[in-house]
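Presented below is the structure to which this report refers.
We use all heavy atoms of the structure for the numbers below, so side chains are in, but hydrogens, waters and symmetry mates are not.
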Amino acid sequence: MSAFLSDGLARNFVAGEWAEGDDGAVIAVEDPATEDHFADCAKASEASVATALDAARASFDRGDLADMQPSARGRLMLRVAQEIRGIANEGAQLLCRESGKTLDAAFDEFEEAAQYFEYYGGVADKIEGKSIPLGPDYADYTVFEPFGVSAQIVPWNFPVSIAARSLAPSMAAGNSTIIKSPELDPVGLALLGTALERADVPAGAVSILNGIGPDIGAKLVASSQIDQIVFTGSVPTGQAILRAAAEQVTPSLMELGGKSAAVVFEDADLDTFIASLKSGIFYNAGQVCSAMARVLVHRSIYEEAVERAAALANGLSIGHGLDNPDHTPVISALQLSRIEELASTARQDGARVAAGGSRLDRKGHFMAPTILADVNPSSRVAQEEIFGPVTCMTPFETEGEAIAMANGTEFGLVAGVFTRDLARSHRVARKLRAGQVFVNEWFAGGISTPFGGVGKSGFGREKGLEALYNYVRTKNIAISLKG
Ligand code: NAD
């Protein structure tokens with residue numbers, strides 16, 4: 001274990017130092033598979049927030065990152081990537097225990113985090129402006145400037161990889177960054193501070209605060225000392241943050257929830273679809289913003305698809321994440337109750353429970369892998385984000401009907417099309433109201449492909465080159481050459 005955890009306490013990483021909370025205040029972290037206390041995390045004090053804000057501003061004003069040679073900034077980020085790989089095994093153990101996810105998935109978060117630093121480190125010296133022709137009397141060009149201090153609020157479902165997803169482009173652009181970790185699983189993310197420290201990231205350029213959302217998170221986003229907000233989380237929290245942002249007119253990036261649909265046509269390869277369903281709704285116990293939360297299937301293959309989906313759900317191995325089973329617990333007792341409550345409304349609304357439907361009778365926050373069939377598209381379970389291992393299946397007759405149903409929620413994060421008909425895949429992909437469309441493989445794409453929502457799924461994009469431009473603003477410089 002690294003030094004900061006040797007006494008079982010994950011501290012805040014503030015201005016290059018490890019800080020405890022006021023009067024030893026801690027957040028108790030539970031193992032969701034056993035319900036046992038797993039670790040304590042020092043709760044950031046108001047003083048820590050103030051220190052992080054002052055240090056971030058001072059670092060930015062000194063030009064620690066912004067005035068560094070862009071290629072040197074890129075190399076610094078590659079060192080961070082290397083240090084993240086160095087902590088990945090230890091980090092995966094911690095993240096697995098606190099989040100309930102599998103050890104492999106936890107390790108993948110650190111690997112993905114390293115890849116974000118490599119990807120954006122590689123473009124740190126390629127953030128190029130353009131020159132604009134105004135005739136012989138003027139020289140005109142644009143430059144991309146960092147915002148200043150970026151406040152980033154991270155959710156618990158992928159705390160390490162989502163933190164890196166926003167931090168890496170923010171650093172590549174030259175911003176100072178303050179991260180607020182999720183209170184349910186802050187320990188693995190706290191370890192990221194070790195990688196930043198070992199890579200010699202300038203003190204204050206990045207801080208990581210542990211704290212309760214409506215307390216420390218709300219203070220951070222309402223501060224007049226920040227220049228940008230990046231929020232990944234639920235719609236209600238996003239709305240609260242946007243209200244705070246409105247007060248200071250703080251530019252904001254919102255990555256919110258989803259209720260994404262796969263459309264499975266009659267010519268789809270069902271083996272391919274079932275393989276996608278397995279990761280689409282059961283990876284991370286369905287706690288994925290871009291989960292395959294709805295499945296619309298052509299009526300001619302609908303019963304077969306429901307039967308196979310139910311067999312998949314019933315056949316998943318279940319256990320502690322450390323053993324890498326197919327299915328793991330959800331993050332907390334509260335989350336399990338929410339999932340179970342929403343799933344239970346399905347029956348009253350006329351749906352058939354093809355598999356699962358309720359919590360498992362065992363210790364830990366385990367929801368049974370659940371397939372709901374004949375779901376009414378306007379019912380609560382088909383409209384609200386469940387954020388658990390539950391998908392809703394509904395038959396359709398025509399392509400137009402499928403598209404209307406897929407687009408029929410207030411969300412629009414991702415969508416999927418399963419068909420062997422190339423023309424249809426393009427046609428339908430264009431009509432789906434979503435920031436990303438997967439064809440014949442759910443979660444196709446990766447760190448280099450832009451990701452983000454429409455409607456209540458949010459605005460702005462993460463991942464890929466596209467995301468970089470969310471972390472800079474354009475300045476135009478117009479020079480008269482007359483006289
Ligand atoms: P949440 O909104 O409850 O919390 C997210 C973060 O916001 C946490 O760090 C929390 O402490 C903080 N927070 C809470 N209230 C706050 C406030 N008033 N001010 C500032 N910060 C505050 O979300 P969650 O339950 O952690 O995550 C699940 C949600 O996140 C789901 O809706 C999911 O779809 C969404 N999500 C979206 C994406 C995406 O990229 N679009 C990715 C992952 C998760």
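Between V390 and I281, the closest side-chain pair of non-hydrogen atoms is not below 4.5 Å. Side-chain contact between I216 and K180: present, with at least one pair of heavy atoms (C-beta onward) separated by less than 4.5 Å. The closest side-chain heavy-atom distance from L95 to E109 is below 4.5 Å. Between Y119 and S448, some side-chain heavy-atom pair lies under the 4.5 Å cut-off. Two residues are said to be in side-chain contact when any heavy atoms from C-beta on lie closer than 4.5 Å; M171 and M77 meet this criterion. Between R165 and E255, the closest side-chain pair of non-hydrogen atoms falls below 4.5 Å. Looking at heavy atoms from C-beta onward, I339 lies in side-chain contact with V330 at the 4.5 angstrom threshold. Residues E197 and F13 form a side-chain contact, since some pair of their non-hydrogen atoms from C-beta on lies under 4.5 Å apart.
Counted by atom type alone, N12 and S48 present zero donor-acceptor pairs between their side chains at under 3.5 Å. S59 and D64 share a side-chain donor-acceptor pair at under 3.5 Å. In this structure, a donor-acceptor pair under 3.5 Å is absent between the side chains of T102 and D104. Using modelled atom types and a 3.5 Å distance limit, the side chains of R338 and Q335 yield a donor-acceptor pair. Looking only at atom types and distance, the side chain of S150 has no donor-acceptor partner in the side chain of T177 under 3.5 Å away. No hydrogens or angles considered: nothing links the side chains of Q228 and N470 as a donor-acceptor pair under 3.5 Å. A donor atom on one side chain and an acceptor atom on the other are not found under 3.5 Å apart for N157 and N284.
Counting non-hydrogen atoms of other residues, nucleotides and ligands closer than 6.0 Å to CD of E111 gives a total above 12. At most 12 heavy atoms of other shown residues, nucleotides or ligands fall within 6.0 angstrom of atom CD in Q69. Surrounding CD of Q383 are more than 12 heavy atoms belonging to other residues, nucleotides or ligands, all under 6.0 Å away. In E46, the CD atom is not crowded: 12 or fewer heavy atoms of neighbouring residues, nucleotides or ligands sit closer than 6.0 Å. Atom NZ of K259 has more than 12 neighbouring heavy atoms from other residues, nucleotides or ligands inside a 6.0 Å radius. The 12-atom threshold is not exceeded at CD of Q82, counting heavy atoms of other residues, nucleotides or ligands nearer than 6.0 Å. Annotation for K126: atom NZ counts as buried by contact number, over 12 foreign heavy atoms lying within 6.0 Å.
Remark: the backbone N or O of L196 is not paired with any side-chain donor or acceptor of E83 at under 3.5 angstrom. A donor-acceptor pair is defined here as one N or O able to donate and one able to accept, closer than 3.5 Å; no such pair exists between the side chain of D40 and the backbone of L9. A donor-acceptor contact shorter than 3.5 Å is absent between the side chain of E410 and the backbone of G455. No side-chain donor-acceptor contact under 3.5 Å links Y116 to the backbone of P169. Here the side chain of S223 pairs no donor or acceptor atom with the backbone of L220 at under 3.5 angstrom. Of the possible donor and acceptor atoms, one in the side chain of N175 sits under 3.5 Å from a partner among the backbone N and O of S170. Although no hydrogens or angles enter the test, the distance criterion places a donor-acceptor pair under 3.5 Å between the side chain of N407 and the main chain of R433. The backbone N or O of A163 lies less than 3.5 Å from no partner atom in the side chain of S166, so there is not a single donor-acceptor pair. Under the 3.5 Å distance criterion, the side-chain polar atoms of R11 are left unmatched by any main-chain donor or acceptor of A42.
In this structure, Y469 has its ring center closer than 6.0 angstrom to the ring center of F144. Taking the ring centroids of F387 and W156, they lie under the 6.0 Å cut-off.
Scanning all heavy atoms of the two residues, the minimum distance from G100 to T328 falls at O-CB, 3.1 Å. Nearest heavy-atom pair, E183 versus I27, reported as atom, atom and distance to 0.1 Å: O-CG2, 3.5 Å. A pairwise comparison of heavy atoms in Q436 and A444 identifies NE2-O, 3.9 Å as the closest pair. Residues V160 and G188 come closest through the heavy atom pair CG2-C, 3.8 Å. Minimum heavy-atom separation, A172 to I127: O-CD1, 3.7 Å.
A cation-pi geometry, defined here as NZ or CZ lying under 6.0 Å from the six-membered ring centre and within 45° of its normal, holds between K463 and F451.
Ring geometry for F438 against F443 counts as perpendicular: the plane angle is over 60°, on a 0 to 90° scale with 30° as the lower cut.
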Quick one, L184 with V29, criterion side chain to side chain contact (heavy atoms under 4.5 Å, CB included). Give me CA distance, side-chain angles, the key distance, then yes/no.
CA-CA 6 Å; L184 289 170; V29 182; over 6 Å; no

Under the salt bridge (Lys or Arg N to Asp or Glu O under 4.0 Å) criterion, do K101 and E98 qualify, and how do the steps go?
CA-CA 8 Å; K101 65 179 59 194; E98 63 177 335; over 6 Å; no

